[in-house]
There are 2 protein chains.
Amino acid sequence: MQTASDNPCLRIACSSCNLRELCLPVDLQGSALHRLDALTSIKRPFRRGEYLYRSGEPFRALYAIRTGFFKTQVLHENGREQVTGFQMPGEIIGLDAISSDAHSCDAVALEDSEICEIPFDQLEELSRELPTLQRYLHKIMSREIVRDHGIMMLLGSMRAEERLAAFLLNLSQRFSARGYSPSSFHLRMTRQEIGSYLGLKLETVSRTLSHFQDHGLLNVRLREVEIMDMLRLRSFVGTTA
Amino acid sequence: MQTASDNPCLRIACSSCNLRELCLPVDLQGSALHRLDALTSIKRPFRRGEYLYRSGEPFRALYAIRTGFFKTQVLHENGREQVTGFQMPGEIIGLDAISSDAHSCDAVALEDSEICEIPFDQLEELSRELPTLQRYLHKIMSREIVRDHGIMMLLGSMRAEERLAAFLLNLSQRFSARGYSPSSFHLRMTRQEIGSYLGLKLETVSRTLSHFQDHGLLNVRLREVEIMDMLRLRSFVGTTA
DNA sequence: AAATGCGTTTGATATAGGTCAAAAACCATG
DNA sequence: CATGGTTTTTGACCTATATCAAACGCATTT
(Lines give C-alpha, C1' and ligand atoms only; values in the text may rest on other atoms or scores of the structure.)
Protein backbone atom coordinates (compact mmCIF):
# COMPACT_ATOMS: atom_id res chain seq x y z
CA MET A 1 0.00 0.00 0.00
CA GLN A 2 1.30 3.39 -0.87
CA THR A 3 0.76 6.49 1.18
CA ALA A 4 0.18 9.96 -0.15
CA SER A 5 3.75 11.01 0.50
CA ASP A 6 5.11 8.08 -1.51
CA ASN A 7 2.82 8.96 -4.33
CA PRO A 8 4.66 10.15 -7.39
CA CYS A 9 1.72 12.32 -8.36
CA LEU A 10 1.55 15.93 -7.40
CA ARG A 11 0.54 16.55 -3.80
CA ILE A 12 -2.05 19.21 -3.33
CA ALA A 13 -3.68 21.10 -0.56
CA CYS A 14 -7.35 20.70 0.15
CA SER A 15 -6.84 23.75 2.31
CA SER A 16 -6.24 25.91 -0.72
CA CYS A 17 -8.51 24.13 -3.18
CA ASN A 18 -11.21 26.33 -4.61
CA LEU A 19 -13.67 23.47 -4.43
CA ARG A 20 -13.56 23.43 -0.65
CA GLU A 21 -17.17 24.39 -0.37
CA LEU A 22 -18.30 21.52 -2.53
CA CYS A 23 -15.93 18.70 -1.80
CA LEU A 24 -15.06 16.72 1.30
CA PRO A 25 -13.33 19.38 3.42
CA VAL A 26 -16.48 21.35 4.14
CA ASP A 27 -16.50 22.35 7.80
CA LEU A 28 -12.99 21.12 8.43
CA GLN A 29 -10.59 23.69 9.77
CA GLY A 30 -6.97 24.15 10.70
CA SER A 31 -5.04 21.01 11.48
CA ALA A 32 -7.93 18.73 10.54
CA LEU A 33 -7.80 20.12 7.05
CA HIS A 34 -4.06 19.62 6.83
CA ARG A 35 -4.39 16.03 7.86
CA LEU A 36 -6.80 15.50 5.02
CA ASP A 37 -4.35 17.23 2.68
CA ALA A 38 -1.77 14.73 3.80
CA LEU A 39 -3.64 11.78 2.41
CA THR A 40 -5.06 13.33 -0.73
CA SER A 41 -3.09 13.42 -3.96
CA ILE A 42 -3.70 14.34 -7.55
CA LYS A 43 -3.55 11.52 -10.03
CA ARG A 44 -2.23 12.07 -13.51
CA PRO A 45 -4.69 13.94 -15.75
CA PHE A 46 -7.29 11.91 -17.59
CA ARG A 47 -7.97 12.41 -21.26
CA ARG A 48 -11.44 12.43 -22.72
CA GLY A 49 -12.64 8.85 -22.99
CA GLU A 50 -10.20 7.44 -20.44
CA TYR A 51 -11.43 5.24 -17.62
CA LEU A 52 -10.77 6.33 -14.07
CA TYR A 53 -11.79 2.86 -12.97
CA ARG A 54 -13.68 -0.08 -14.38
CA SER A 55 -16.25 -2.37 -12.90
CA GLY A 56 -14.58 -5.25 -11.12
CA GLU A 57 -11.32 -3.49 -10.27
CA PRO A 58 -10.29 -3.64 -6.62
CA PHE A 59 -11.39 -0.75 -4.47
CA ARG A 60 -8.71 1.43 -2.90
CA ALA A 61 -9.80 5.02 -2.96
CA LEU A 62 -12.54 7.50 -3.47
CA TYR A 63 -12.04 10.16 -6.09
CA ALA A 64 -12.92 13.84 -6.02
CA ILE A 65 -13.23 15.53 -9.35
CA ARG A 66 -11.07 18.64 -9.52
CA THR A 67 -11.69 19.70 -13.07
CA GLY A 68 -13.55 18.12 -15.94
CA PHE A 69 -16.54 15.88 -16.28
CA PHE A 70 -17.21 12.19 -15.78
CA LYS A 71 -19.96 9.71 -16.32
CA THR A 72 -20.52 6.52 -14.36
CA GLN A 73 -22.15 3.54 -15.98
CA VAL A 74 -23.23 0.03 -15.13
CA LEU A 75 -22.84 -2.57 -17.83
CA HIS A 76 -25.10 -5.59 -18.00
CA GLU A 77 -23.71 -8.79 -19.52
CA ASN A 78 -26.03 -8.55 -22.53
CA GLY A 79 -24.38 -5.33 -23.56
CA ARG A 80 -27.05 -3.14 -22.06
CA GLU A 81 -25.58 -0.07 -20.43
CA GLN A 82 -27.08 2.30 -17.91
CA VAL A 83 -25.50 5.65 -17.20
CA THR A 84 -25.95 6.14 -13.46
CA GLY A 85 -24.68 9.68 -13.21
CA PHE A 86 -22.72 12.61 -14.59
CA GLN A 87 -20.19 14.10 -12.19
CA MET A 88 -18.66 17.52 -12.12
CA PRO A 89 -15.93 19.26 -10.09
CA GLY A 90 -16.23 18.88 -6.33
CA GLU A 91 -18.21 15.67 -6.54
CA ILE A 92 -17.01 12.41 -5.06
CA ILE A 93 -17.17 9.11 -6.90
CA GLY A 94 -16.40 5.52 -6.04
CA LEU A 95 -18.76 5.12 -3.08
CA ASP A 96 -20.46 2.14 -4.65
CA ALA A 97 -17.23 0.15 -4.43
CA ILE A 98 -17.11 0.11 -0.63
CA SER A 99 -19.78 -2.56 -0.39
CA SER A 100 -17.82 -5.29 -2.13
CA ASP A 101 -14.24 -3.97 -2.13
CA ALA A 102 -14.52 -3.78 -5.91
CA HIS A 103 -15.89 -1.19 -8.24
CA SER A 104 -19.38 -1.96 -9.43
CA CYS A 105 -19.45 0.53 -12.28
CA ASP A 106 -17.16 2.28 -14.74
CA ALA A 107 -16.12 5.92 -14.46
CA VAL A 108 -15.22 7.53 -17.78
CA ALA A 109 -13.90 11.04 -18.41
CA LEU A 110 -16.19 13.00 -20.73
CA GLU A 111 -13.52 15.63 -21.20
CA ASP A 112 -9.93 16.10 -20.10
CA SER A 113 -10.07 16.02 -16.32
CA GLU A 114 -8.10 16.07 -13.12
CA ILE A 115 -9.03 14.12 -10.05
CA CYS A 116 -7.93 13.82 -6.44
CA GLU A 117 -7.42 10.41 -5.00
CA ILE A 118 -8.41 9.78 -1.38
CA PRO A 119 -7.27 6.37 -0.12
CA PHE A 120 -10.26 4.96 1.67
CA ASP A 121 -8.48 3.12 4.48
CA GLN A 122 -6.80 6.34 5.49
CA LEU A 123 -9.97 8.33 5.13
CA GLU A 124 -11.75 5.92 7.46
CA GLU A 125 -8.88 6.13 9.92
CA LEU A 126 -8.92 9.89 9.91
CA SER A 127 -12.67 10.02 10.19
CA ARG A 128 -12.44 7.98 13.38
CA GLU A 129 -10.50 10.82 14.88
CA LEU A 130 -12.44 13.69 13.36
CA PRO A 131 -16.16 13.41 14.02
CA THR A 132 -16.82 16.31 11.66
CA LEU A 133 -15.17 14.44 8.83
CA GLN A 134 -16.95 11.24 9.80
CA ARG A 135 -20.32 12.92 9.70
CA TYR A 136 -19.51 14.57 6.43
CA LEU A 137 -18.53 11.29 4.83
CA HIS A 138 -21.82 9.81 5.98
CA LYS A 139 -23.69 12.75 4.54
CA ILE A 140 -22.03 12.35 1.19
CA MET A 141 -23.04 8.71 1.03
CA SER A 142 -26.54 9.50 2.17
CA ARG A 143 -26.82 12.27 -0.39
CA GLU A 144 -25.96 9.78 -3.09
CA ILE A 145 -28.81 7.56 -1.89
CA VAL A 146 -31.25 10.47 -1.94
CA ARG A 147 -30.07 11.44 -5.40
CA ASP A 148 -30.64 7.90 -6.62
CA HIS A 149 -34.17 7.92 -5.20
CA GLY A 150 -34.84 11.06 -7.19
CA ILE A 151 -33.70 9.32 -10.35
CA MET A 152 -35.86 6.33 -9.53
CA MET A 153 -38.83 8.66 -9.31
CA LEU A 154 -37.86 10.24 -12.58
CA LEU A 155 -37.43 6.91 -14.34
CA GLY A 156 -40.43 5.32 -12.73
CA SER A 157 -43.05 7.95 -13.19
CA MET A 158 -42.11 10.85 -15.44
CA ARG A 159 -42.74 11.37 -19.12
CA ALA A 160 -39.95 12.15 -21.58
CA GLU A 161 -40.47 15.92 -21.43
CA GLU A 162 -40.44 15.96 -17.66
CA ARG A 163 -37.33 13.82 -17.48
CA LEU A 164 -35.43 16.07 -19.82
CA ALA A 165 -36.61 19.23 -18.09
CA ALA A 166 -35.56 17.79 -14.73
CA PHE A 167 -32.20 16.82 -16.17
CA LEU A 168 -31.50 20.25 -17.62
CA LEU A 169 -32.58 22.01 -14.46
CA ASN A 170 -30.36 19.76 -12.41
CA LEU A 171 -27.36 20.57 -14.59
CA SER A 172 -28.26 24.23 -14.47
CA GLN A 173 -28.37 24.22 -10.71
CA ARG A 174 -25.05 22.43 -10.41
CA PHE A 175 -23.31 24.73 -12.87
CA SER A 176 -24.72 27.64 -10.98
CA ALA A 177 -23.36 26.32 -7.68
CA ARG A 178 -19.93 26.30 -9.30
CA GLY A 179 -20.12 29.87 -10.41
CA TYR A 180 -21.08 29.22 -14.03
CA SER A 181 -24.11 30.48 -15.82
CA PRO A 182 -27.26 28.60 -14.86
CA SER A 183 -28.86 29.33 -18.20
CA SER A 184 -26.13 28.78 -20.71
CA PHE A 185 -23.89 25.74 -20.74
CA HIS A 186 -22.18 23.08 -22.75
CA LEU A 187 -23.34 19.48 -22.57
CA ARG A 188 -20.38 17.15 -22.24
CA MET A 189 -22.34 14.05 -23.12
CA THR A 190 -23.96 12.66 -26.24
CA ARG A 191 -27.71 12.36 -26.79
CA GLN A 192 -27.22 8.66 -26.40
CA GLU A 193 -25.66 9.08 -22.96
CA ILE A 194 -28.38 11.46 -21.86
CA GLY A 195 -30.90 8.91 -23.11
CA SER A 196 -29.30 6.09 -21.22
CA TYR A 197 -29.34 8.15 -18.03
CA LEU A 198 -32.97 9.13 -18.50
CA GLY A 199 -34.27 5.81 -19.79
CA LEU A 200 -34.97 7.18 -23.26
CA LYS A 201 -33.66 6.53 -26.75
CA LEU A 202 -31.38 9.11 -28.27
CA GLU A 203 -33.95 10.03 -30.92
CA THR A 204 -36.45 10.85 -28.19
CA VAL A 205 -33.90 13.05 -26.44
CA SER A 206 -33.21 14.89 -29.67
CA ARG A 207 -36.88 15.29 -30.56
CA THR A 208 -37.78 16.49 -27.10
CA LEU A 209 -35.03 19.09 -27.14
CA SER A 210 -36.25 20.31 -30.54
CA HIS A 211 -39.72 20.39 -29.11
CA PHE A 212 -38.60 22.55 -26.19
CA GLN A 213 -36.88 24.84 -28.65
CA ASP A 214 -39.99 25.13 -30.83
CA HIS A 215 -41.88 26.28 -27.75
CA GLY A 216 -39.33 28.93 -26.86
CA LEU A 217 -38.20 27.23 -23.66
CA LEU A 218 -34.58 27.01 -24.75
CA ASN A 219 -32.14 27.10 -27.62
CA VAL A 220 -30.09 24.05 -28.42
CA ARG A 221 -27.46 23.74 -31.03
CA LEU A 222 -25.58 20.47 -30.75
CA ARG A 223 -24.15 20.48 -27.23
CA GLU A 224 -24.75 24.17 -26.57
CA VAL A 225 -27.82 24.82 -24.43
CA GLU A 226 -29.33 28.14 -23.54
CA ILE A 227 -32.35 28.08 -21.27
CA MET A 228 -34.69 30.91 -22.23
CA ASP A 229 -37.60 30.34 -19.88
CA MET A 230 -36.43 28.74 -16.67
CA LEU A 231 -39.76 29.16 -14.91
CA ARG A 232 -41.78 27.46 -17.58
CA LEU A 233 -39.22 24.69 -17.79
CA ARG A 234 -39.49 24.25 -14.06
CA SER A 235 -43.25 24.15 -14.19
CA PHE A 236 -42.87 21.25 -16.58
CA VAL A 237 -41.39 18.96 -14.01
CA GLY A 238 -44.20 17.47 -12.11
CA THR A 239 -47.00 19.65 -13.35
CA THR A 240 -48.22 17.12 -15.85
CA ALA A 241 -50.27 14.46 -14.13
CA MET B 1 -32.22 13.15 23.86
CA GLN B 2 -33.00 9.79 25.33
CA THR B 3 -30.52 6.98 25.58
CA ALA B 4 -31.27 3.33 25.16
CA SER B 5 -31.34 2.73 28.88
CA ASP B 6 -33.92 5.49 29.41
CA ASN B 7 -36.02 4.06 26.66
CA PRO B 8 -39.28 2.66 27.89
CA CYS B 9 -39.30 0.12 25.12
CA LEU B 10 -38.00 -3.35 25.57
CA ARG B 11 -34.22 -3.66 25.50
CA ILE B 12 -32.89 -6.49 23.44
CA ALA B 13 -29.63 -8.14 22.71
CA CYS B 14 -28.10 -8.00 19.27
CA SER B 15 -25.83 -10.70 20.60
CA SER B 16 -28.70 -13.15 20.75
CA CYS B 17 -30.71 -11.89 17.79
CA ASN B 18 -31.23 -14.49 15.12
CA LEU B 19 -30.78 -11.86 12.45
CA ARG B 20 -27.15 -11.36 13.39
CA GLU B 21 -25.92 -12.63 10.09
CA LEU B 22 -28.03 -10.16 8.16
CA CYS B 23 -28.12 -7.07 10.29
CA LEU B 24 -25.50 -4.67 11.59
CA PRO B 25 -23.62 -6.86 14.05
CA VAL B 26 -22.00 -9.02 11.40
CA ASP B 27 -18.35 -9.60 12.36
CA LEU B 28 -18.70 -7.98 15.74
CA GLN B 29 -17.72 -10.12 18.66
CA GLY B 30 -17.65 -10.13 22.42
CA SER B 31 -17.66 -6.78 24.11
CA ALA B 32 -18.09 -4.89 20.83
CA LEU B 33 -21.37 -6.65 20.34
CA HIS B 34 -22.52 -5.86 23.84
CA ARG B 35 -21.77 -2.21 23.34
CA LEU B 36 -24.00 -2.23 20.30
CA ASP B 37 -26.69 -3.97 22.35
CA ALA B 38 -26.46 -1.13 24.76
CA LEU B 39 -27.64 1.44 22.32
CA THR B 40 -30.19 -0.60 20.42
CA SER B 41 -33.78 -0.87 21.59
CA ILE B 42 -37.01 -2.29 20.30
CA LYS B 43 -39.72 0.22 19.57
CA ARG B 44 -43.35 -0.61 20.09
CA PRO B 45 -44.74 -2.94 17.43
CA PHE B 46 -46.08 -1.41 14.26
CA ARG B 47 -49.42 -2.39 12.81
CA ARG B 48 -50.01 -2.89 9.13
CA GLY B 49 -50.31 0.51 7.50
CA GLU B 50 -48.55 2.42 10.27
CA TYR B 51 -45.74 4.81 9.46
CA LEU B 52 -42.36 4.22 11.04
CA TYR B 53 -41.37 7.67 9.87
CA ARG B 54 -42.55 10.24 7.39
CA SER B 55 -40.72 12.45 4.98
CA GLY B 56 -39.65 15.67 6.67
CA GLU B 57 -39.45 14.32 10.21
CA PRO B 58 -36.19 14.99 12.02
CA PHE B 59 -33.59 12.28 11.79
CA ARG B 60 -32.52 10.56 14.98
CA ALA B 61 -31.99 6.91 14.35
CA LEU B 62 -31.58 4.13 11.86
CA TYR B 63 -33.99 1.24 12.07
CA ALA B 64 -33.37 -2.45 11.66
CA ILE B 65 -36.37 -4.55 10.81
CA ARG B 66 -36.76 -7.46 13.22
CA THR B 67 -39.95 -8.98 11.94
CA GLY B 68 -42.43 -7.93 9.31
CA PHE B 69 -42.24 -6.03 6.09
CA PHE B 70 -41.93 -2.37 5.12
CA LYS B 71 -42.03 -0.24 2.03
CA THR B 72 -40.30 3.07 1.58
CA GLN B 73 -41.73 5.68 -0.73
CA VAL B 74 -40.98 9.14 -2.00
CA LEU B 75 -43.92 11.44 -2.55
CA HIS B 76 -43.83 14.20 -5.11
CA GLU B 77 -45.92 17.31 -4.50
CA ASN B 78 -48.28 16.54 -7.39
CA GLY B 79 -49.36 13.36 -5.66
CA ARG B 80 -47.09 11.12 -7.63
CA GLU B 81 -45.56 8.42 -5.49
CA GLN B 82 -42.54 6.23 -6.09
CA VAL B 83 -41.93 3.16 -3.99
CA THR B 84 -38.17 3.06 -3.53
CA GLY B 85 -37.91 -0.30 -1.82
CA PHE B 86 -39.43 -3.17 0.10
CA GLN B 87 -37.58 -4.12 3.26
CA MET B 88 -37.55 -7.36 5.18
CA PRO B 89 -36.08 -8.57 8.48
CA GLY B 90 -32.42 -7.79 8.99
CA GLU B 91 -32.45 -4.83 6.64
CA ILE B 92 -31.60 -1.31 7.77
CA ILE B 93 -33.65 1.71 6.80
CA GLY B 94 -33.33 5.43 7.31
CA LEU B 95 -29.94 5.96 5.66
CA ASP B 96 -31.34 8.56 3.29
CA ALA B 97 -32.06 10.85 6.24
CA ILE B 98 -28.43 11.35 7.21
CA SER B 99 -27.81 13.77 4.37
CA SER B 100 -30.20 16.45 5.56
CA ASP B 101 -30.95 15.48 9.17
CA ALA B 102 -34.51 14.84 8.08
CA HIS B 103 -36.19 11.85 6.53
CA SER B 104 -36.58 12.14 2.79
CA CYS B 105 -39.08 9.35 2.37
CA ASP B 106 -41.85 7.53 4.24
CA ALA B 107 -41.49 4.08 5.73
CA VAL B 108 -44.77 2.17 6.03
CA ALA B 109 -45.38 -1.25 7.58
CA LEU B 110 -46.90 -3.66 5.06
CA GLU B 111 -47.75 -6.08 7.85
CA ASP B 112 -47.50 -6.08 11.62
CA SER B 113 -43.82 -5.56 12.33
CA GLU B 114 -41.18 -5.06 14.98
CA ILE B 115 -38.18 -2.86 14.54
CA CYS B 116 -34.97 -2.03 16.40
CA GLU B 117 -34.02 1.57 16.80
CA ILE B 118 -30.35 2.53 16.59
CA PRO B 119 -29.72 6.15 17.59
CA PHE B 120 -27.41 7.48 14.93
CA ASP B 121 -25.28 9.77 17.07
CA GLN B 122 -24.42 6.89 19.30
CA LEU B 123 -23.82 4.58 16.39
CA GLU B 124 -21.35 7.06 14.92
CA GLU B 125 -19.66 7.43 18.26
CA LEU B 126 -19.31 3.71 18.68
CA SER B 127 -18.12 3.25 15.14
CA ARG B 128 -15.30 5.68 15.85
CA GLU B 129 -14.06 3.21 18.41
CA LEU B 130 -14.79 0.03 16.52
CA PRO B 131 -13.26 0.03 13.03
CA THR B 132 -15.13 -3.17 12.21
CA LEU B 133 -18.43 -1.51 12.93
CA GLN B 134 -17.35 1.60 11.06
CA ARG B 135 -16.48 -0.38 7.98
CA TYR B 136 -19.70 -2.33 8.20
CA LEU B 137 -21.79 0.82 8.39
CA HIS B 138 -20.03 2.11 5.30
CA LYS B 139 -20.68 -1.16 3.52
CA ILE B 140 -24.37 -0.99 4.31
CA MET B 141 -24.61 2.49 2.87
CA SER B 142 -22.59 1.53 -0.17
CA ARG B 143 -24.75 -1.54 -0.68
CA GLU B 144 -27.80 0.67 -0.76
CA ILE B 145 -26.18 2.75 -3.50
CA VAL B 146 -25.37 -0.37 -5.52
CA ARG B 147 -28.91 -1.62 -5.06
CA ASP B 148 -30.28 1.69 -6.31
CA HIS B 149 -28.06 1.51 -9.38
CA GLY B 150 -29.54 -1.90 -10.12
CA ILE B 151 -33.02 -0.44 -9.94
CA MET B 152 -31.99 2.43 -12.19
CA MET B 153 -30.84 -0.12 -14.75
CA LEU B 154 -34.11 -2.00 -14.37
CA LEU B 155 -36.22 1.14 -14.74
CA GLY B 156 -34.08 2.61 -17.46
CA SER B 157 -33.67 -0.30 -19.79
CA MET B 158 -35.80 -3.34 -19.04
CA ARG B 159 -39.16 -4.35 -20.43
CA ALA B 160 -42.11 -5.13 -18.21
CA GLU B 161 -41.52 -8.89 -18.22
CA GLU B 162 -37.88 -8.48 -17.32
CA ARG B 163 -38.64 -6.06 -14.53
CA LEU B 164 -41.14 -8.37 -12.97
CA ALA B 165 -38.91 -11.41 -13.34
CA ALA B 166 -36.03 -9.50 -11.74
CA PHE B 167 -38.33 -8.38 -8.93
CA LEU B 168 -39.58 -11.88 -8.16
CA LEU B 169 -36.09 -13.36 -8.30
CA ASN B 170 -34.85 -10.68 -5.95
CA LEU B 171 -37.60 -11.46 -3.44
CA SER B 172 -36.95 -15.16 -3.84
CA GLN B 173 -33.28 -14.72 -3.10
CA ARG B 174 -33.94 -12.60 -0.04
CA PHE B 175 -36.52 -14.99 1.35
CA SER B 176 -34.10 -17.79 0.76
CA ALA B 177 -31.34 -15.97 2.67
CA ARG B 178 -33.73 -15.82 5.63
CA GLY B 179 -34.44 -19.51 5.61
CA TYR B 180 -37.75 -19.36 3.78
CA SER B 181 -38.65 -21.10 0.58
CA PRO B 182 -37.14 -19.43 -2.47
CA SER B 183 -39.94 -20.70 -4.68
CA SER B 184 -43.07 -20.18 -2.66
CA PHE B 185 -43.89 -16.97 -0.87
CA HIS B 186 -46.49 -14.41 0.01
CA LEU B 187 -46.36 -10.94 -1.48
CA ARG B 188 -46.96 -8.33 1.17
CA MET B 189 -47.63 -5.54 -1.29
CA THR B 190 -50.39 -4.68 -3.73
CA ARG B 191 -50.06 -4.79 -7.51
CA GLN B 192 -50.14 -1.04 -7.38
CA GLU B 193 -47.14 -0.91 -5.05
CA ILE B 194 -45.22 -3.40 -7.16
CA GLY B 195 -46.06 -1.28 -10.17
CA SER B 196 -44.86 1.90 -8.51
CA TYR B 197 -41.59 0.23 -7.59
CA LEU B 198 -41.09 -1.13 -11.11
CA GLY B 199 -42.33 1.87 -13.04
CA LEU B 200 -45.40 0.03 -14.35
CA LYS B 201 -49.14 0.40 -13.97
CA LEU B 202 -50.92 -2.08 -11.78
CA GLU B 203 -52.76 -3.55 -14.76
CA THR B 204 -49.47 -4.27 -16.45
CA VAL B 205 -48.20 -6.02 -13.34
CA SER B 206 -51.32 -8.13 -13.20
CA ARG B 207 -51.26 -8.98 -16.88
CA THR B 208 -47.57 -9.84 -16.84
CA LEU B 209 -48.04 -12.16 -13.88
CA SER B 210 -50.93 -13.87 -15.68
CA HIS B 211 -48.73 -14.10 -18.71
CA PHE B 212 -45.96 -15.80 -16.71
CA GLN B 213 -48.53 -18.20 -15.34
CA ASP B 214 -49.87 -19.02 -18.80
CA HIS B 215 -46.35 -19.96 -19.80
CA GLY B 216 -45.84 -22.25 -16.83
CA LEU B 217 -43.17 -20.11 -15.19
CA LEU B 218 -45.10 -19.69 -11.98
CA ASN B 219 -48.45 -19.88 -10.25
CA VAL B 220 -49.98 -16.76 -8.80
CA ARG B 221 -53.15 -16.52 -6.86
CA LEU B 222 -53.63 -13.06 -5.40
CA ARG B 223 -50.58 -12.53 -3.22
CA GLU B 224 -49.46 -16.16 -3.20
CA VAL B 225 -46.61 -16.85 -5.62
CA GLU B 226 -45.07 -20.18 -6.49
CA ILE B 227 -42.17 -20.12 -8.90
CA MET B 228 -42.28 -23.25 -11.06
CA ASP B 229 -39.38 -22.68 -13.39
CA MET B 230 -36.69 -20.63 -11.71
CA LEU B 231 -34.17 -21.14 -14.49
CA ARG B 232 -36.43 -19.98 -17.25
CA LEU B 233 -37.49 -17.02 -15.16
CA ARG B 234 -33.86 -16.18 -14.61
CA SER B 235 -33.09 -16.44 -18.29
CA PHE B 236 -35.78 -13.83 -18.82
CA VAL B 237 -33.83 -11.12 -17.07
CA GLY B 238 -31.46 -9.67 -19.54
CA THR B 239 -31.79 -12.24 -22.29
CA THR B 240 -34.11 -10.13 -24.32
CA ALA B 241 -32.21 -7.45 -26.17
C1' DA C 1 -10.14 19.98 -50.54
C1' DA C 2 -11.78 15.43 -50.41
C1' DA C 3 -12.84 11.65 -47.64
C1' DT C 4 -14.22 9.33 -43.52
C1' DG C 5 -16.82 8.91 -39.50
C1' DC C 6 -19.39 9.92 -35.53
C1' DG C 7 -23.21 12.53 -33.65
C1' DT C 8 -27.55 14.71 -34.52
C1' DT C 9 -31.97 15.68 -36.59
C1' DT C 10 -36.15 14.44 -38.68
C1' DG C 11 -39.70 11.49 -40.79
C1' DA C 12 -42.62 7.25 -41.19
C1' DT C 13 -44.24 3.41 -38.91
C1' DA C 14 -44.71 -0.09 -35.17
C1' DT C 15 -45.59 -1.54 -30.53
C1' DA C 16 -45.33 -1.97 -25.48
C1' DG C 17 -47.58 -0.40 -22.09
C1' DG C 18 -51.03 3.08 -20.54
C1' DT C 19 -55.92 4.32 -20.00
C1' DC C 20 -60.64 3.46 -19.27
C1' DA C 21 -64.12 0.42 -17.90
C1' DA C 22 -66.47 -3.44 -15.92
C1' DA C 23 -66.75 -7.62 -13.51
C1' DA C 24 -65.08 -10.77 -10.13
C1' DA C 25 -62.76 -12.07 -5.97
C1' DC C 26 -61.60 -11.07 -1.57
C1' DC C 27 -61.75 -8.90 3.12
C1' DA C 28 -63.32 -6.35 7.03
C1' DT C 29 -67.21 -4.77 9.51
C1' DG C 30 -71.48 -4.35 11.81
C1' DC D 1 -73.93 -13.43 6.76
C1' DA D 2 -74.98 -9.41 4.43
C1' DT D 3 -72.61 -5.27 3.03
C1' DG D 4 -69.45 -2.01 1.27
C1' DG D 5 -64.87 -1.20 0.13
C1' DT D 6 -60.60 -2.60 -1.77
C1' DT D 7 -57.78 -5.38 -4.76
C1' DT D 8 -57.30 -8.05 -8.80
C1' DT D 9 -58.28 -9.58 -13.39
C1' DT D 10 -59.46 -9.04 -18.09
C1' DG D 11 -60.93 -6.65 -22.29
C1' DA D 12 -60.92 -2.90 -25.81
C1' DC D 13 -58.73 0.89 -27.30
C1' DC D 14 -55.14 4.64 -27.42
C1' DT D 15 -50.76 7.04 -27.17
C1' DA D 16 -46.01 7.92 -25.99
C1' DT D 17 -42.01 6.29 -27.17
C1' DA D 18 -39.27 2.90 -29.75
C1' DT D 19 -37.68 1.40 -34.12
C1' DC D 20 -36.06 1.86 -38.68
C1' DA D 21 -34.19 4.72 -42.08
C1' DA D 22 -32.22 8.54 -44.39
C1' DA D 23 -29.94 12.91 -44.64
C1' DC D 24 -27.09 16.30 -42.69
C1' DG D 25 -23.46 18.74 -39.91
C1' DC D 26 -19.20 18.96 -37.93
C1' DA D 27 -14.59 17.37 -36.91
C1' DT D 28 -10.55 14.87 -38.11
C1' DT D 29 -7.47 12.71 -41.26
C1' DT D 30 -5.32 12.14 -45.73
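Protein chains get the first letters and strands the later ones, always in sequence-line order, with residue 1 at the start of each. Note: hydrogens, waters and symmetry copies are ignored here, and every other heavy atom, side chains too, is used.
- Looking only at distances, no side-chain donor or acceptor of B:Ser183 sits under 3.5 Å from a matching main-chain atom of B:Ser181.
- Distance A:Leu164 CG to C:dT9 P: 11 Å, rounded to the nearest Å.
- B:Ser176 is linked by a side chain to side chain donor-acceptor pair (under 3.5 Å) to nothing, counting only residues two or more places apart in sequence or in another chain.
- The distance between the ring centers of B:Phe212 and B:Phe236 falls below 6.0 angstrom.
- Remark: A:Thr204 pairs with A:Ala160, A:Leu200, A:Lys201, A:Thr208 by the side chain to side chain contact (heavy atoms under 4.5 Å, CB included) rule, at least two apart or across chains.
- The CD atom of B:Gln192 sits 12 Å away from the P atom of C:dT19 (whole-angstrom rounding).
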Protein-nucleotides 5-7 of chain C N/O pairs closer than 3.5 Å?
none

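- Where A:Ala160 and B:Val220 meet DNA chain D, the nucleotide closest to each residue was compared, and B:Val220 sits on the side nearer the 5' end.
- To the nearest angstrom, P of D:dT9 lies 12 Å from CG of B:Asp214.
- A straight line from CD of B:Glu162 to C1' of C:dA16 spans 12 Å, rounded to a whole angstrom.
- Contacts of A:Asp229 classified as side chain to side chain donor-acceptor pair (under 3.5 Å), with partners at least two apart in sequence or in another chain: A:Arg232.
- Of the residues in residues 198-210 of chain B, B:Gly199, B:Leu200, B:Lys201, B:Glu203, B:Thr204, B:Arg207 come within less than 4.0 Å of DNA chain C through at least one heavy atom, sorted by number.
- Between A:Leu155 atom CG and D:dA16 atom P there is a gap of 19 Å when expressed in whole angstrom units.
- For A:Ala97, the side chain to side chain contact (heavy atoms under 4.5 Å, CB included) criterion is met by A:Phe59, A:His103, not counting sequence neighbours.
- In this entry the distance linking CE of B:Met158 with P of C:dG17 reads 13 Å, nearest Å.
- By the side chain to side chain contact (heavy atoms under 4.5 Å, CB included) test, B:Leu22 is found to be paired with B:Leu19, B:Arg178, residues two or more places apart in sequence or in another chain being considered.
- Atom P of nucleotide C:dT9 and atom CD of A:Gln213 are separated by 9 Å, given to the nearest angstrom.
- Residues forming a side chain to side chain donor-acceptor pair (under 3.5 Å) with A:Glu144 (at least two apart in sequence, or on another chain): A:Arg147.
- Qualifying side chain to side chain contact (heavy atoms under 4.5 Å, CB included) partners for A:Arg223, counting only residues two or more places apart in sequence or in other chains: A:His186, A:Leu187, A:Thr190.
- Atom pair B:Glu224:CD and C:dC27:P shows a separation of 10 Å (rounding to whole Å applied).
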